[in-house]
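Atoms within a ligand are numbered from 1 in the order they appear, just like the ligands themselves. In what follows, residues are counted from 1 in the order of the sequence shown.
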Amino acid sequence: MCVLRETSREDGVLGTGILSMEMEQEKGKESFHIAMPAQAEAILEALNHRGFEAYIVGGCVRDSLLGRVPGDWDITTSALPGQVKSVFRRTVDTGIAHGTVTVLKGREAYEVTTYRIDGEYEDNRHPKNVVFTSNLAEDLKRRDFTINAMAYSPGTGLMDLFDGAGDLKRGLIRCVGDPTERFTEDALRMLRAIRFRAQLGFDIEEATRQALRNLAPSLVHVSKERIQTELTKLLLSDHPDYIREVFDDSMAPYVCAGFCRIRPENISIDGRVPPVRHFRWAALLRHLTEEEAGKILKELKLDNDTILRVRSLTRWWRIPVGPDEISVRKVMSQMPRRQFDDLMLFKRFSSERPETDEELSRIQELTDRIRERGDCVSLKTLALTGRDLIELGMEPGPALGEALESLLGIVLEHPEKNQKEALVQELKKDHKKST
Ligand code: ATP
Ligand code: MG
């Protein structure tokens with residue numbers, strides 16, 4: 001029986017999860033219920049029905065206990081992959097060699113993985129082989145942190161062999177077993193520790209932290225994609241500033257070349273910066289040049305759209321946009337509409353920007369007015385096109401491009417001149433001046 005009670009931990013994390021419920025002891029056993037999606041429960045039941053053990057496991061148990069909404073519901077089972085496939089109608093062989101079969105239920109997909117023991121690790125990252133086992137304890141033992149090593153099923157309750165629930169209550173990230181061994185096996189876990197710390201606002205247990213500092217150089221063996229995924233999750237969390245610990249714990253040189261150009265003392269990411277990839281990365285990289293930022297992101301294999309948007313923000317955030325319509329139009333003309341909107345939003349949360357709050361609001365008003373009127377701010381809406389100029393007798397080539405740019409310059413200052421006739425007149429004036 002549980003009595004729901006809202007609690008607030010010292011770090012401000014509010015919990016309505018099972019941890020914050022008072023649990024009555026029933027014959028020495030804590031009894032409570034994790035509400036899981038009906039399909040996940042149906043998968044557990046179907047496997048049980050065929051005589052296999054099955055539990056939800058890992059992140060979803062952790063998040064349920066904390067009262068957070070789990071991102072996905074992973075299932076662990078004693079059934080071998082072939083047996084899992086025989087139980088369900090629609091499955092996908094996601095990672096059969098590692099024991100993972102995806103079971104499709106309605107529109108949802110659930111990863112069902114056979115209990116396994118990871119073989120000897122090579123290259124500080126990958127187990128040479130995996131061995132399936134029928135023992136849940138073995139499977140929980142291979143997981144990274146105590147808070148991630150719990151399993152639950154409605155029939156059996158919580159399987160928590162390493163006091164993960166205790167660490168959740170204490171707000172601690174602690175390796176399962178010996179931290180030095182665990183980080184030596186897989187160096188990515190070191191970054192995961194800091195990522196979970198940032199997501200949950202937890203501390204890293206002392207021995208785990210010490211091992212992480214000692215083994216920082218082995219991060220060099222981890223692929224850039226995996227490093228990036230963890231750093232991005234860290235940056236999108238409620239504590240993006242904790243990325244500073246990647247520097248404090250000496251991991252930064254192994255993230256990628258150029259990462260050390262970020263000066264730890266410059267790291268301050270306003271928690272109000274929207275938790276969107278390009279905003280948070282730009283907040284981290286804003287003191288670098290556009291080129292430096294682009295190089296880091298490319299090396300970390302971020303997608304091109306994010307790279308483009310971060311580059312644009314790092315280039316522009318310190319440049320004043322106002323104070324009048326002309327200067328606003330000039331900045332607008334330098335980038336696509338979406339990037340200008342990014343810039344205005346980003347500036348709002350950058351304390352070192354050149355504008356005050358009031359000036360920024362004023363610039364936003366001017367922007368809205370410019371857009372409502374439909375002022376021309378790019379060659380696309382200039383009343384005279386390249387084709388028009390050719391019809392007027394100009395040769396295609398660089399001079400034609402320059403003429404269009406100079407006309408756009410005029411229109412940015414005098415939007416009323418964005419008419420074919422007026423622009424032809426301007427061209428003629430220009431021509432006269434140069435002859
Ligand atoms: P998220 O909310 O980000 O999905 P998660 O804990 O579910 O967090 P996943 O990467 O989805 O993390 O992994 C699922 C589970 O697999 C983890 O909870 C953990 O038990 C185990 N796990 C994942 N990566 C590792 C690793 N590198 N070493 C050991 N165990 C791992
Ligand atoms: Mg997960």
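Protein heavy atom in closest approach to atom 21 (C) of ligand 1: R143 NH1, 3.7 Å. Nearest to atom 28 (N) of ligand 1 among the protein's heavy atoms is R189 NE, 2.7 Å. Protein heavy atom at the shortest distance from atom 1 (P) of ligand 1 is R195 NH1, 3.8 Å. Shortest contact from atom 4 (O) of ligand 1 to any protein heavy atom: D72 OD1, 4.0 Å. In this structure, atom 20 (O) of ligand 1 lies nearest to the protein heavy atom N148 O, 2.9 Å. Protein heavy atom in closest approach to atom 27 (N) of ligand 1: D186 OD2, 2.9 Å. The protein non-hydrogen atom at the shortest distance from atom 7 (O) of ligand 1 is G59 CA, 3.5 Å.
Judged by distance alone, the side chains of S361 and E358 never bring a donor and an acceptor atom under 3.5 Å apart. In summary, the side chains of T113 and T76 do not present any donor paired with an acceptor at a separation below 3.5 Å, with no hydrogens or angles considered.
Within ligand 1, counting atoms from 1 as listed, the ones closer than 4.0 Å to a heavy atom of G58 are 18 (O). The distance from ligand 1 to the heavy atoms of R62 drops below 4.0 Å at these ligand atoms: 2 (O), 5 (P), 6 (O), 8 (O).
Scanning all heavy atoms of the two residues, the minimum distance from T385 to L404 falls at C-CD2, 4.0 Å.
In this structure, R192 has a heavy atom closer than 4.0 Å to ligand 1. Residue F196 places a heavy atom less than 4.0 Å from ligand 1. In this structure, Q199 falls outside the shell of residues with a heavy atom less than 4.0 angstrom from ligand 1.
Within D72, the N, O or S atom at minimum distance from the Mg ion (ligand 2) carries the name OD1.
In this structure a side-chain-to-backbone donor-acceptor pair under 3.5 Å is missing from T91 to F88. In this structure a side-chain-to-backbone donor-acceptor pair under 3.5 Å is present from R280 to S237. Side-chain atoms of N418 come within 3.5 Å of backbone atoms of T381 as a donor-acceptor pair (strictly under, hydrogens ignored). A side-chain donor-acceptor contact under 3.5 Å links R182 to the backbone of V176.
Outside the 6.0 Å centre-distance limit, the rings of F279 and F349 are not counted as a close aromatic pair.
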Output, in order, the C-alpha distance, side-chain angles, deciding distance and verdict of side chain to side chain donor-acceptor pair (under 3.5 Å) for T232 and T229. CA-CA 5 Å; T232 299; T229 310; over 6 Å; no
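Checked by distance only, ligand 1 and D74 stay at 3.5 Å or farther apart across all their nitrogen or oxygen atoms. Residue R182 places no N or O, backbone or side chain, under 3.5 Å from any N or O of ligand 1.
Looking at D144 against ligand 1, both its backbone and its side chain come within 4.0 Å, counting heavy atoms. At a heavy-atom cutoff of 4.0 Å, ligand 1 is contacted by no atom of W73, backbone or side chain.
Judged by the 6.0 Å distance and 45° axis criteria, R197 is positioned over the aromatic ring of Y242.
Residue D74 is tested with V61, V112, T100, V57 for a side chain to side chain contact (heavy atoms under 4.5 Å, CB included); the sole match is V57.
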